[in-house]
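Just below is one structure, and these are the notes that go with it.
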Amino acid sequence: MTSQEVRAQFLNFFKEKNHKIVPSAPMVMKNDPTLMFTNAGMNQFKEFFLGNSVPKSKRVTDTQKCLRVSGKHNDLEEVGKDTYHHTMFEMLGNWSFGDYFKKEAIQWAWELLTEVYKIDKENLYVSVFEGSQDDKLELDQEAYDLWKEIVPEDRIIMGNKKDNFWEMGDQGPCGPCSEIHVDLRSKEEKAKVPGASLVNQDDPLVVEIWNLVFIQYNRKANGSLEDLPEKHIDTGMGFERLCMVLQNVKSNYDTDVFTPLIREIETITGHKYGKTEEADIAIRVVADHVRAVAFAIADGQLPSNTGAGYVIRRILRRAIRYGFTFLDTKQPFIFRLVKVLSERMGDAFPELSKHHQIIENVIKEEENSFLSTLEQGLVLLDSVIKSSKGKTIDGEKAFELYDTFGFPIDLTSLILEEKGYRLDVEGFEKALKAQKDRSRAASEVSKDDWTVLQQDAEQEFVGYDTLEANVKLVKYRKVSSKKEGDQYQLVFNLTPFYAEGGGQVGDKGYLEAPNGDVVYIVDTKKENNEIVHFAENLPKEVSGTFKAVVDQEQRFHTACNHTATHLLHQALREILGSHVEQKGSAVHAKHLRFDFSHFSKLSVEELREVENFVNARIEGQLPLQENRNIPIKEAMEQGAMALFGEKYGDTVRTVRFGHSIELCGGTHVKNTADIWHFKIVSEGAVAAGIRRIEAITSEAAKEFFFKNNRMLFEIKDLLNTSQDPVKAVASLQEENSALKKQVEQLLKDKAKGLKNELIAELKDINGIQFLAKKVDLDAGGIKDLAFAMGGQVDDLFLLLASENDGKAILSCYISKDLASNKGLNAGNIVRELGKHIQGGGGGQPFFATAGGKNPDGIPAALANAEELVLATT
RNA sequence: GGGGGAUUAGCUCAGUUGGCUAGAGCGCUUGCCUGGCAGGCAAGAGGCCACCGGUUCGAAUCCGGUAUUCUCCA
């Protein structure tokens with residue numbers, strides 16, 4: 001059975017049980033600040049479990065792309081070492097939102113596995129939650145009894161809280177679960193050791209394939225549990241593992257999900273899979289990671305140095321590192337796997353084949369840059385080794401290499417080992433922990449429980465039509481972080497505040513209580529489909545009706561920028577071509593940023609054309625035409641642009657200005673004329689094949705033009721010309737450099753004259769060519785002069801003084817031979833003579849300078865110099 | 001969001017405790033030599049040492065800030 005068939009049969013099975021098939025949500029989370037990536041099938045349904053929204057269908061089934069790089073069983077550094085862990089994987093699931101519960105979940109799971117997939121019942125084990133004293137929970141008798149009807153009791157295993165109690169996080173919905181495990185070992189081994197004893201023991205051939213979660217509790221902030229009003233089913237079956245079972249192989253990597261990738265890696269690197277342990281691990285790492293990274297990029301997440309982008313970068317770099325070390329790839333090669341990947345999975349996940357060119361470019365670029373980081377690191381490591389005293393390399397040094405220069409610690413340790421050195425691992429771990437603690441402390445957030453004032457199933461957003469509304473507080477909680485201090489999160493029954501989303505910033509504003517008290521709303525964000533308002537403090541009286549008022553100015557400027565973003569998107573597609581796709585946007589009140597796919601730098605003419613295109617539509621006074629509730633299919637037929645990596649519902653909102661139609665939830669101007677003007681302020685690259693435009697509109701554009709204009713007038717004023725200031729500046733620059741050369745020449749001539757003059761004045765004191773004199777030069781000129789004379793006269797002793805801005809300078813030059821023969825030291829001499837001018841100084845034995853604030857002391861210093869020379873001879 | 005680095009000639013980079021008249025290699029220009037494969041020799045041009053401020057007699061070097069960039073952590 002091919003993997004495609006496995007996937008299709010799963011979905012079909014549940015479709016026949018009245019489940020609605022829904023598409024996979026994007027792997028990269030956009031609207032949940034608590035999570036960077038989709039890490040389980042249930043993520044996209046979280047709002048239903050929390051009761052924030054009501055699902056359209058109570059039974060749903062899907063396959064979900066997931067990414068896990070941390071957690072108890074998913075340490076990134078472990079992936080590849082065994083044959084069954086992955087960063088990215090697909091999770092097949094069926095769901096009940098307050099509909100069927102344990103009975104159906106258990107029966108259907110069994111039916112699918114044994115009758116559709118025809119897995120031998122003899123190989124299956126199931127587990128049941130044994131209860132937990134901590135939580136005062138008993139054995140999950142209900143599940144046990146249900147299983148007992150299907151499987152012999154010796155195949156039902158008791159599981160502890162760690163394995164059989166599932167939680168979403170520290171807080172929130174949770175419940176006991178039943179896992180289904182399959183024993184893939186040979187007959188002989190089964191006879192030796194019973195399978196039941198190997199369940200959950202990390203045996204690669206006795207593995208969990210399906211987890212049925214019975215969500216029935218809510219965990220509160222203080223750790224206690226309460227019953228949920230509605231009970232839910234959440235199941236997840238690892239797709240890759242299921243394929244392994246059904247394709248009768250011993251490793252996920254031997255299924256047709258991975259073999260095409262592995263064959264391609266073999267072809268490119270010349271290393272055969274299955275020859276050596278080291279190369280095998282490396283091949284698995286590369287095969288797994290390229291999948292994760294490619295899907296993430298397809299979902300719009302580029303590698304970067306912060307947040308989710310950094311996780312992607314780390315995954316990709318780990319693959320590069322393994323290739324570099326164990327597959328001898330010193331050139332980019334991972335990008336070459338994208339083709340195979342998109343051929344294999346493009347049908348199930350069309351975003352992959354659609355974006356394969358960009359994915360290739362980005363990966364290649366990232367490979368190149370990391371390979372040069374590695375090269376640089378090798379040089380640095382070499383110098384660390386050379387400068388180390390013993391045979392142990394300091395952990396802090398290694399950490400510096402890692403932290404500052406990005407050189408991987410495992411490479412450091414490997415190279416050291418080869419060269420017979422030892423790495424101080426403890427020192428490294430200590431430094432790493434210190435850095436982690438620092439980061440964690442800086443971003444620590446603690447959340448109280450919600451205080452619920454009234455029940456309200458779904459809150460309404462009224463902000464498209466009004467900026468003011470009378471609202472009631474539904475619930476609130478305190479949130480503390482180091483950076484923001486104490487803040488309060490408020491949820492209303494309805495709100496005019498737009499929550500951050502679709503690239504647009506959240507609204508600011510205030511809340512007015514009946515007694516006139518005002519609470520400022522500093523930001524608005526969406527969490528699990530709930531609009532959360534952030535306030536610095538809590539209203540004194542939380543019940544009653546508040547007047548919620550959005551900051552009109554910020555909203556207006558943001559709307560101008562958002563509408564301009566749509567027009568810009570349209571302009572780029574018209575002018576550059578339809579390969580242009582939005583890769584990200586940030587709409588603020590003061591400016592907008594738009595990232596899009598394009599292969600080359602925009603020329604000045606293209607930028608001008610884009611600006612003109614947008615401004616023509618602003619001048620065209622196009623009215624906003626919105627449709628708040630239109631079936632997505634219909635919207636697409638009208639040509640609305642949807643963004644990849646966004647999750648859309650069945651019905652969507654479309655925003656139209658002229659020929660620009662986009663699926664968008666943001667706030668817009670009523671008419672493009674409101675924008676006044678659109679001005680691009682910068683254009684540049686953010687990644688291979690991705691460009692970024694930053695632009696301004698309305699007030700910001702006015703301000704921009706005003707400032708520039710004023711500056712131009714000031715420049716004209718200064719230049720005393722009303723004509724072409726560019727020409728004037730150019731000719732000034734030309735003149736300036738000519739004058740500079742002239743001055744330089746004159747100074748040289750003057751110095752030459754002065755030099756000859758001074759040479760004539762030299763006095764022979766016991767073979768020393770001596771001169772102490774005040775000259776009219778600055779410190780640099782004196783230096784030049786002294787060295788010029790030194791080049792011409794041997795046994796020279798010069799003390800030159802000058803006066804500048806009321807300050808005195810003394811410089812002493814002594815020919816090198818003279819200085820060493822007679823033990824003279826210019827530094828000491830100027831320090832001594834500096835006393836006359838109330839100053840100090842120093843330098844080298846043959847040339848030194850001192851400065852002081854008393855020019856009147858110069859004659860005394862000059863006289864003193866002669867005495868000094870007489871004394872030393 | 002929190003750290004750590006980097007920024008010096010067209011490019012790749014040296015530059016020690018503040019003082020070496022700011023350097024090397026490659027590239028460039030010019031001349032000479034040369035049956036060569038990165039030709040050889042010689043001469044030369046090319047620097048606001050990222051920017052702004054401070055400390056100091058003196059700052060590429062020390063301190064603070066800004067910008068750009070790399071990197072690690074969350």
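Within every chain, numbering begins at 1; the chains are lettered A, B, ... in the order of the sequence lines, protein sequences first and strands thereafter.
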Using the [atom1] atom on both, measure [N] against [M] and round to a whole Å.
| N | M | atom1 | answer |
| --- | --- | --- | --- |
| B/rC33 | B/rC48 | P | 37 Å |
| B/rC13 | B/rU8 | P | 10 Å |
| B/rC57 | B/rC11 | P | 37 Å |
| B/rG46 | B/rA6 | P | 30 Å |
| B/rC37 | B/rC28 | P | 16 Å |
| B/rA45 | B/rG39 | C1' | 23 Å |
| B/rC52 | B/rA60 | P | 13 Å |
| B/rC70 | B/rC32 | P | 47 Å |

When you measure from the side chain of [X], which nucleotide among [options] comes out closest?
| X | options | result |
| --- | --- | --- |
| A/R317 | B/rU71, B/rU21, B/rG2 | B/rU71 |
| A/N305 | B/rU71, B/rG2, B/rU21 | B/rU71 |
| A/T373 | B/rU71, B/rG5, B/rC20 | B/rU71 |
| A/S369 | B/rG3, B/rG5, B/rU71 | B/rU71 |

With a 3.5 Å limit on both atom pairs, tell me what [N] is paired to, counting Watson-Crick and G-U wobble, or say none.
| N | value |
| --- | --- |
| B/rU17 | none |
| B/rU61 | none |
| B/rC11 | B/rG25 |
| B/rU30 | B/rA42 |
| B/rU66 | B/rA50 |

- Message: Could you report the tightest heavy-atom contact between A/D448 and A/R477, atom names first, then the distance?
- Response: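 It is O-CD, 3.2 Å.
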- Please name the pair of heavy atoms, one in A/V830 and one in A/A848, separated by the smallest distance, quoted to 0.1 Å.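 Closest heavy-atom pair between A/V830 and A/A848: CG2-CB, 3.6 Å.
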- Task: Begin with the C-alpha distance, continue with both residues' side-chain angles, and end with the deciding distance and a verdict on salt bridge (Lys or Arg N to Asp or Glu O under 4.0 Å) for A/R321 and A/E77.
- Result: CA-CA 12 Å; A/R321 211 167 79 210; A/E77 287 305 322; 3.3 Å; yes
[X] [atom1] to [N] [atom2]: how many Å, rounded?
| X | N | atom1 | atom2 | result |
| --- | --- | --- | --- | --- |
| A/F847 | B/rC57 | CZ | P | 17 Å |
| A/I814 | B/rG19 | CD1 | C1' | 14 Å |
| A/E396 | B/rG5 | CD | C1' | 16 Å |
| A/Q844 | B/rU17 | CD | C1' | 14 Å |
| A/L411 | B/rC72 | CG | C1' | 16 Å |
| A/F370 | B/rU69 | CZ | C1' | 18 Å |
| A/R438 | B/rG4 | CZ | C1' | 8 Å |
| A/Q376 | B/rU7 | CD | P | 11 Å |

Looking across every strand, which nucleic acid part, if any, lies under 4.0 Å from [X] by heavy atom: base, sugar-phosphate, or nothing?
| X | answer |
| --- | --- |
| A/G841 | base |
| A/G842 | base |
| A/F846 | sugar-phosphate |
| A/G827 | nothing |

- Query: With respect to the phosphate group of B/rU71, does any side-chain polar atom (N or O) of A/R313 fall under 4.0 Å of OP1 or OP2?
  - Reply: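 Looking at the OP1 and OP2 atoms of B/rU71, one of them is under 4.0 Å from a side-chain N or O of A/R313.
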- Message: Is the phosphate of B/rC20 approached by A/K783 (side-chain N or O, under 4.0 Å from OP1 or OP2)?
- Response: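 Answer is yes, contact under 4.0 Å.
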- Task: Select from A/F787 and A/Y402 the residue whose nearest nucleotide in RNA chain B is closer to the 5' end of that strand.
- Result: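 This one resolves to A/F787.
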- Query: Starting at the 5' end of RNA chain B, which residue's closest nucleotide do you reach first, A/T849 or A/R314?
  - Reply: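 Comparing both residues, the 5'-ward one is A/T849.
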- Taking the side chain as every heavy atom from C-beta outward, state whether A/L302 and A/I297 have any atom pair closer than 4.5 Å.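 Answer yes - side chains close enough.
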- Decide yes or no for A/F407 and A/L374: does some side-chain heavy atom of the first lie under 4.5 Å from some side-chain heavy atom of the second?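 They are in contact (side-chain heavy atoms under 4.5 Å apart), so the answer is yes.
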- Task: For the pair A/F370 and A/F324, evaluate ring pair (Phe, Tyr, Trp, His ring centres under 6.0 Å) and give the outcome as yes or no after the intermediate values.
- Result: CA-CA 11 Å; A/F370 189 54; A/F324 181 86; 8.4 Å; no
- Task: Mark yes or no for whether A/D794, through its side chain, and A/S815, through its backbone, hold a donor-acceptor pair below 3.5 Å.
- Result: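 Such a contact is absent between A/D794 side chain and A/S815 backbone.
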- Tell whether A/E400 reaches the base of B/rG4 with its side chain through a donor-acceptor pair below 3.5 angstrom.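 No pair found.
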- Is a donor-acceptor pair below 3.5 Å formed from side chain A/D403 to base B/rG3, judging by atom type as modelled?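 Side chain to base: pair present.
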- Parallel, tilted or perpendicular: which fits the ring planes of A/F787 and A/F846, with parallel below 30° and perpendicular above 60°?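 A/F787 and A/F846: perpendicular rings.
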